[in-house]
Amino acid sequence: MYNGKKHPDVIAGKRTEDQILKEFLETFEVHHNIRSGAKADGKVTKEEWIEYYSNVSCSIDNDEYFSLMMNNAWNLKGSNAR
């Protein structure tokens with residue numbers, strides 16, 4: 001679950017949490033929708049998520065670092081530390 005409360009623009013009062021969430025969701029949909037011709041629906045599908053992170057992983061030289069990055073971003077190991 002994404003939480004934009006601590007985003008610097010939300011803290012500064014420049015944007016709302018809803019605006020930050022919409023921008024976040026768009027990052028997953030943009031490339032996929034250009035390629036597939038689909039319209040943005042504000043929902044991240046498994047296919048969109050995999051495509052996005054496949055593209056991100058291309059710029060990461062080390063699998064261990066990518067794994068660490070993914071765990072820190074998504075708490076994949078289930079730790080409560082954030």
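Note that the coordinates shown come from a computational prediction; the quantities given were computed from them, not determined experimentally. By convention here, the first residue in the shown sequence is residue 1. Just so it is clear, the values below take in all heavy atoms, side chains as well, and ignore hydrogens, waters and symmetry mates.
- Ser36 pairs by the side-chain contact (heavy atoms from CB on, under 4.5 Å) definition with His32, Asn33, Ala38, not counting sequence neighbours.
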ask   = Does the salt bridge (Lys or Arg N to Asp or Glu O under 4.0 Å) test come out yes or no for Arg35 and Glu51, once each step is laid out?
value = CA-CA 11 Å; Arg35 188 179 58 77; Glu51 182 175 338; 2.7 Å; yes
request  = Would you please test Leu25 and Lys43 for side-chain contact (heavy atoms from CB on, under 4.5 Å) and show each step?
outcome  = CA-CA 7 Å; Leu25 294 174; Lys43 298 176 184 174; over 6 Å; no
Side-chain donor-acceptor pairs of residues 58-66 under 3.5 Å, sequence neighbours excluded:
unit_1, atom_1, unit_2, atom_2, d
Ser59, OG, Val56, O, 2.8
Asn62, OD1, Glu64, N, 2.7
Asn62, OD1, Tyr65, N, 2.9

inquiry  = The test is side-chain contact (heavy atoms from CB on, under 4.5 Å); show your working for Tyr53 and Met70 and say whether it passes.
reply    = CA-CA 9 Å; Tyr53 278 107; Met70 292 299 291; 3.4 Å; yes
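- Annotation: the span from Trp74 atom CH2 to Trp49 atom CH2 amounts to 7.0 Å, rounded to 0.5 Å.
- Each of Leu21 and Val30 belongs to its own hydrophobic cluster when Ile, Leu, Val, Met, Phe, Trp and Tyr are linked at side-chain heavy-atom distances under 4.5 angstrom.
- One distance of note links CG of Leu68 with CG of Leu76; it measures 10.5 Å at 0.5 Å rounding.
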Under 3.5 Å, which donor-acceptor pairs link side chains of residues 5-15 to any protein atom two or more places apart or in another chain?
unit_1, atom_1, unit_2, atom_2, d
His7, ND1, Asp9, N, 3.0
Asp9, OD2, Arg15, NE, 3.0
Asp9, OD2, Arg15, NH2, 2.9
Arg15, NH1, Glu23, OE1, 2.5

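- In plain terms, the two heavy atoms of Thr45 and Glu48 that are nearest each other are N-OE1, 2.9 Å.
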